[in-house]
Amino acid sequence: MNKSIKNSIIYNVYPTSFFDSNGDGVGDLKGIAEKLPHIKQFADIVWVNPFYKSPFRDGGYDIEDYYSIDERFGDMNDVKALIDRAHKLGLKIIFDLVVGHTSDQHKWFLESRKHEKNAYSDYYVWNDDVFGWMPGGSSISGNSERNGNYLINFFCFQPALNFGFRQKTLPWQNQYTDEACCKVHDEVINIIKYYLAMGLDGFRVDLANSIVKEDVGGECSCEVWRKIFGKVREEYPNAIFVSEWGEPMYAVKNGDFDIDFFTHCHNDGYNCLFRKESGSNVFASDGHSFFRKDGKGEAKTFFDFFKMNLEAVKDKGYVSIVTGNHDLPRISIGRDADDLKLVFSFILALPSVPLIYYGDEIGMPYSKIKSRDGGFIRTGSRTPMQWSADKNAGFSTTDGELYLPINENYKTVNVEAESKNPESLMNKVKELVATKREYAELFSCDSEFELISEEYPAVFKRSSNGKTLYCAFNPTEREYETSLPEGKIISSMKAKQEGEKVTLAPLSYIWIIA
Ligand code: NOJ
């Protein structure tokens with residue numbers, strides 16, 4: 001367990017859209033390095049989405065070569081320089097590990113699809129008859145000279161690497177412990193070690209629960225990750241692994257991941273906080289979130305799932321609550337700056353290693369634009385970072401086309417303007433982060449968590465070494481009163497305490513140490 005990250009915040013950078021250092025209209029690695037000081041104000045760990053060589057039919061999650069950098073982003077020297085610069089600034093940096101599948105243009109797959117048996121024939125999950133049935137997920141038929149179908153992991157061009165099945169019931173299947181699968185494990189270990197040797201601090205692991213097929217509960221996938229991490233940690237004991245799983249009680253407890261994200265998948269806990277309204281999620285929904293002015297939401301689903309997971313990961317690792325990511329519509333949909341201040345005050349107060357998606361700290365909007373690079377509904381959350389009111393929002397000097405159009409509100413919603421406005425969302429987020437850092441012991445994942453109210457206003461406490469932090473949140477248009485021990489207010493918005501009486505005006509929160 002990596003205790004050094006217990007009070008960390010992760011900042012997620014989508015590389016095409018953060019900063020364009022060479023004026024070609026697309027963000028790049030040098031651009032990220034240049035803007036690390038901005039990130040440092042909000043976070044301790046930077047996670048960069050994929051920048052490896054790729055046909056980019058799924059935003060780089062379709063990797064053609066794990067050991068080459070896509071030329072739009074730079075080269076391996078830029079990767080090294082980015083890692084070094086992050087470390088000089090005291091930031092940790094992690095990349096994406098996308099090994100549930102490759103691109104169908106990866107050389108392993110181009111070999112695997114051949115009729116002749118070769119060293120890569122078993123690198124992917126094939127059956128032995130193009131007219132035969134294939135359990136384990138979606139499969140592609142008739143797309144190779146080899147007489148078989150292959151499983152995909154996501155889109156049609158992302159063939160699943162062969163981590164095998166939980167149980168071998170058909171002749172062409174491998175059980176997850178078979179030698180063929182161990183060869184794939186070795187490839188994964190090699191990729192991980194290659195970047196760790198360069199100084200990288202760890203990885204966010206894409207679709208971590210998807211690797212072993214027909215594995216309900218993920219026990220066998222967890223066993224494989226334990227084996228892989230065990231081998232890596234012999235050499236790199238502090239390597240950080242963050243899973244895209246959505247159930248820390250499996251990923252962290254059984255799979256030895258350090259952190260697992262709470263997102264929109266597998267459980268409604270996260271959604272009920274922020275993403276129940278239609279258009280606010282990738283999944284169709286038409287409900288009410290807890291963090292909405294109408295006050296019609298519920299947080300029980302969240303707190304039940306959260307508490308259960310906290311208990312499960314104790315002494316093993318951490319949960320991460322996200323403001324968003326490259327797969328979700330922006331959290332700013334239907335929320336103004338004050339609503340978002342409240343969202344941040346809540347996320348940053350929970351015992352988690354929270355994640356800030358680039359631009360959420362300034363309330364960047366979601367753009368209704370057409371899909372690019374397999375983004376579909378997700379494309380609108382991947383628009384260029386709004387740095388200033390200058391040309392191209394300060395993202396790029398190009399006179400040509402940008403990777404994606406800048407959102408039209410960039411003249412007012414941008415880093416420069418918000419840094420000059422003491423009331424801005426960005427300055428509030430900075431203040432919250434600074435307070436979380438100042439009282440690190442109380443805010444760290446190690447401090448005890450106790451829920452006081454899951455109704456409006458939500459109230460919980462955190463305790464460590466005889467000190468207690470009380471946090472209360474009112475995201476609605478109604479005023480509420482509650483009672484909390486009198487103490488020192490370390491952060492608040494539109495809330496006050498007189499004696500034990502706490503008055504929470506509409507859209508308010510308070511953090512008190514008592
Ligand atoms: C999850 C990633 O976050 C998403 O962007 C990608 O499309 C799929 N995995 C497939 O790799």
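Start at 1 and go down the list; that is how both ligands and their atoms are numbered.
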(request) Quick one: sort the H326 and Y61 rings into parallel, tilted or perpendicular, breaks at 30° and 60°. (result) parallel
(message) Q158 versus ligand 1: do any nitrogen or oxygen atoms come within less than 3.5 Å of each other?
(response) no
(request) List the closest protein heavy-atom neighbour of atom 3 (O) of ligand 1: residue, atom name, distance to the nearest 0.1 Å. (result) D327 OD2, 2.5 Å
(request) Please write down residue, atom name and distance for the protein heavy atom closest to atom 6 (C) of ligand 1. (result) D58 OD2, 3.4 Å
(request) Say whether Y318 and D260, considering side chains only, have a donor N or O and an acceptor N or O under 3.5 Å apart. (result) no
(message) Can you name the atoms of ligand 1, numbered from 1 with element, that are less than 4.0 Å from a heavy atom of E244?
(response) 1 (C), 3 (O), 9 (N)
(message) Within the 4.0 Å heavy-atom shell around H101, which atoms of ligand 1 are there?
(response) 10 (C), 11 (O)
(request) Please list, chain by chain and in numerical order, all residues satisfying salt bridge (Lys or Arg N to Asp or Glu O under 4.0 Å) with E187, sequence neighbours excluded. (result) none
(message) Using a 4.0 Å cutoff against the non-hydrogen atoms of R378, which atoms of ligand 1 qualify?
(response) 4 (C), 5 (O), 6 (C), 7 (O)
(request) If you have a sec, work out which protein heavy atom is nearest atom 2 (C) of ligand 1 and how many Å separate them, to one decimal? (result) D206 OD1, 3.1 Å
(message) Over 60° means perpendicular and under 30° means parallel, so tell me whether H185 and F163 are parallel, tilted or perpendicular.
(response) parallel
(message) Side chain, backbone, both or neither: which applies to R57 and ligand 1 if a contact is any heavy-atom pair less than 4.0 Å apart?
(response) neither
(request) Count the heavy atoms belonging to other residues, nucleotides or ligands that lie under 6.0 Å from CD of Q41, then report whether that count exceeds 12. (result) yes
(request) Sequence neighbours left out, what passes salt bridge (Lys or Arg N to Asp or Glu O under 4.0 Å) with E361? Give chain and number order. (result) none
